[in-house]
Amino acid sequence: MKSLLEQLRARIIQEIESAKTQDELKNIEIKYLGRNGELTIMLKGLKDLSAEEKPVIGKFANEVKIDIDKTFKGRAEVLEEENLAKACSNDDFDTTMPGTKFKMGHLHPLFQVQRDVERIFGQMGFAVIDGLEMDSEYYNFESLNIPETHPARDMQDTFFIKDKYHDFHKRMVMRTHTSPLQVRSMEKYGAPLRIIVPGRVFRYEATDASHDATFNQVEGMLIDKNISLAHLKGVMTEFLTRLFGKPVKVRFRPGYFPFVEPGIELDLSCLLCDAKGCRVCKHTGWMEFMGAGMTHPNVLRAGGIDPNIYQGWAFGFGLTRLTMMKYNIDDIRLLMSGNLKFLNQF
Ligand code: FA5
């Protein structure tokens, strides 16, 4: 059996080495290694050998198989290189022809604007922080001065994660805003603090042209000594002017959020209709853009910061709405639709 295997190995290797094309190589493989190939049949016969012969011949047969596989691979590589060289030297082959174009993807418009936001705030000394999309009830509500029985919970109805815990540190929710990162960042970095937190948030909400159930926000927080709302006005005016490349009209009005005192809302003059009134701004000429205010002393304390030494403000704006303004998109639901006809325009 050993000498038969030796003869067969020599024959197969000789045939492989004289193969001129990939097709010839494939046929040799089928002839010897296919289901009914000569070598396959011989290897199947190993089981009929005596107990003494089996390990010796088995080992040898294995070596033969490895030799043949190596020769196949080596010859395939040589033939491929020859083919390539032939194609390149072929007079018909025009090396100046443009190659095959790969279809390149691009950033989603939301993330194009997010990058601009990160760049502009970065230039103003704000660090960019990332957070959890599913966070504990404590960070999403309690730490922000919103206990379980507080009516303000109704303002941000959410998706609760089913579990067996009664402790709000362990009970999880899909975050309703990026604000859980306020106390998390204060705990981690202390004061002074200057951060923004872009991220996705979730609300149990009916959708329309300017409301979605999943949307993106950007949280901002500045904590230092002698900080007032005047700094917030300065930062936001500078940010919006740099983002839009022209002065943008904004208005401040009182707003209520349990984690700030006083609280304000900032509206953008609607750039989609030049403030004339459209379905996105609900025919008011103004688009609700962000909530903000001076950080409540209870929230500073929850973050381990002494409100008698430090003050700060925080804001949370809709990145999705900002993207609509930047690119004249008149329905928020298009942004999460995954519709390539829409997305390929950006
Ligand atoms: C908040 O989420 C507060 N966390 C903001 C805040 C942060 C206040 C820090 C004070 C201090 P509000 O629910 O208003 O607030 O949402 C903030 C912004 O998110 C809105 O102004 C709007 O631009 C955007 N927004 C809110 N709901 C939706 C929605 N359903 N679809 C799209 N954008 C929305």
Side-chain angles (χ1 to χ4, degrees), residues 103-118 130-135 140 152-161 172-181 196-220 236 239-240 243-244 248-251 253 255 257 265-292 315-346:
K103 267 197 178 159
M104 291 276 283
H106 63 81
L107 279 182
H108 189 284
L110 265 177
F111 294 106
Q112 295 181 26
V113 177
Q114 183 172 320
R115 285 204 172 170
D116 288 345
V117 171
E118 289 174 1
D130 207 7
L132 303 168
E133 289 185 349
M134 186 169 86
D135 210 331
N140 197 80
R153 284 228 179 170
D154 287 347
M155 288 167 21
Q156 295 185 3
D157 204 357
T158 185
F159 302 99
F160 287 82
I161 306 301
M172 304 302 265
V173 292
M174 296 310 289
R175 67 175 175 191
T176 54
H177 48 182
T178 39
S179 302
L181 269 295
I196 59 159
V197 188
R200 202 148 56 134
V201 304
F202 309 84
R203 291 193 193 170
Y204 180 64
E205 178 142 21
T207 64
D208 61 29
S210 58
H211 291 82
D212 213 339
T214 298
F215 59 98
N216 288 54
Q217 282 191 337
V218 176
E219 193 79 7
M236 287 319 290
F239 159 65
L240 290 166
L243 184 80
F244 287 99
V248 177
K249 244 169 107 183
V250 297
R251 73 173 182 191
R253 58 189 163 82
F257 302 94
E265 299 226 20
L266 183 143
D267 299 333
L268 279 184
S269 118
C270 185
L271 300 170
L272 291 174
C273 60
D274 269 337
K276 290 195 181 78
C278 64
R279 67 184 184 128
V280 176
C281 64
K282 302 216 166 75
H283 305 281
T284 62
W286 293 98
M287 166 93 112
E288 178 199 319
F289 174 59
M290 72 173 211
F315 64 76
F317 68 74
L319 183 72
T320 319
R321 291 203 183 155
L322 192 63
T323 307
M324 292 169 74
M325 289 292 164
K326 180 103 204 243
Y327 292 122
N328 273 315
I329 298 166
D330 66 0
D331 194 321
I332 196 170
R333 291 162 292 196
L334 284 166
L335 281 157
M336 285 299 189
S337 66
N339 182 341
L340 287 179
K341 267 195 196 148
F342 165 72
L343 292 173
N344 281 338
Q345 299 174 65
F346 301 94

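All values reported here derive from a predicted model rather than from experimental measurement.
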Straight-line distance of [X] [atom1] to [Y] [atom2], nearest 0.5 Å:
| X | Y | atom1 | atom2 | value |
| --- | --- | --- | --- | --- |
| L181 | L132 | CG | CG | 7.5 Å |
| F289 | L322 | CZ | CG | 4.5 Å |
| T320 | Q114 | OG1 | CD | 10.0 Å |

Is the shortest side-chain heavy-atom distance between [X] and [Y] below 4.5 Å?
| X | Y | result |
| --- | --- | --- |
| V173 | M134 | no |
| D130 | V197 | no |
| D267 | R253 | yes |
| Q217 | L319 | no |
| F215 | R203 | yes |
| F315 | E265 | no |
| W286 | C270 | no |
| E118 | I196 | yes |

Scan the side chains in residues 273-281 for donor-acceptor partners under 3.5 Å anywhere in the protein, sequence neighbours excluded, and list what turns up.
residue	atom	partner	partner atom	Å
R279	NH2	D330	O	3.4

Expected list for residues 106-113: side-chain donor-acceptor pairs under 3.5 angstrom, two or more places apart:
residue	atom	partner	partner atom	Å
H106	ND1	F346	O	3.3
H106	NE2	L343	O	3.3
H106	NE2	F346	O	3.3
H108	ND1	L110	N	3.1
H108	NE2	L335	O	2.8
Q112	OE1	Y327	OH	3.1
Q112	NE2	L107	O	2.8

Over all atoms of both residues, closest heavy-atom pair of [X] and [Y]:
| X | Y | value |
| --- | --- | --- |
| Q345 | K341 | NE2-O, 3.4 Å |
| D116 | K326 | OD2-NZ, 3.5 Å |
| T214 | R200 | CG2-CG, 3.7 Å |
| S210 | K282 | OG-NZ, 3.7 Å |
| M290 | G316 | CB-O, 3.1 Å |
| T323 | I329 | O-CD1, 4.1 Å |

Sidechain N-carboxylate O distance under 4.0 Å for R175, D135: no

Less than 4.0 angstrom from a charged side-chain N to a carboxylate O is my criterion; do D212 and R333 meet it? no

Would you find a donor on one side and an acceptor on the other, under 3.5 Å apart, between the side chain of [X] and the backbone of [Y]?
| X | Y | answer |
| --- | --- | --- |
| E205 | A213 | no |
| H177 | N140 | yes |
| T176 | F202 | no |
| R321 | E288 | yes |

Looking at Y204, I want to see if its OH is surrounded by more than 12 non-hydrogen atoms of other residues, nucleotides or ligands under 6.0 Å. no

Can you tell me if R251 has over 12 outside heavy atoms packed within less than 6.0 Å of its CZ? yes

Side chain to side chain contact (heavy atoms under 4.5 Å, CB included) assessment of I332 paired with M324: CA-CA 7 Å; I332 196 170; M324 292 169 74; 3.7 Å; yes

Do the two ring centres, one from F239 and one from F317, sit under 6.0 Å apart? yes

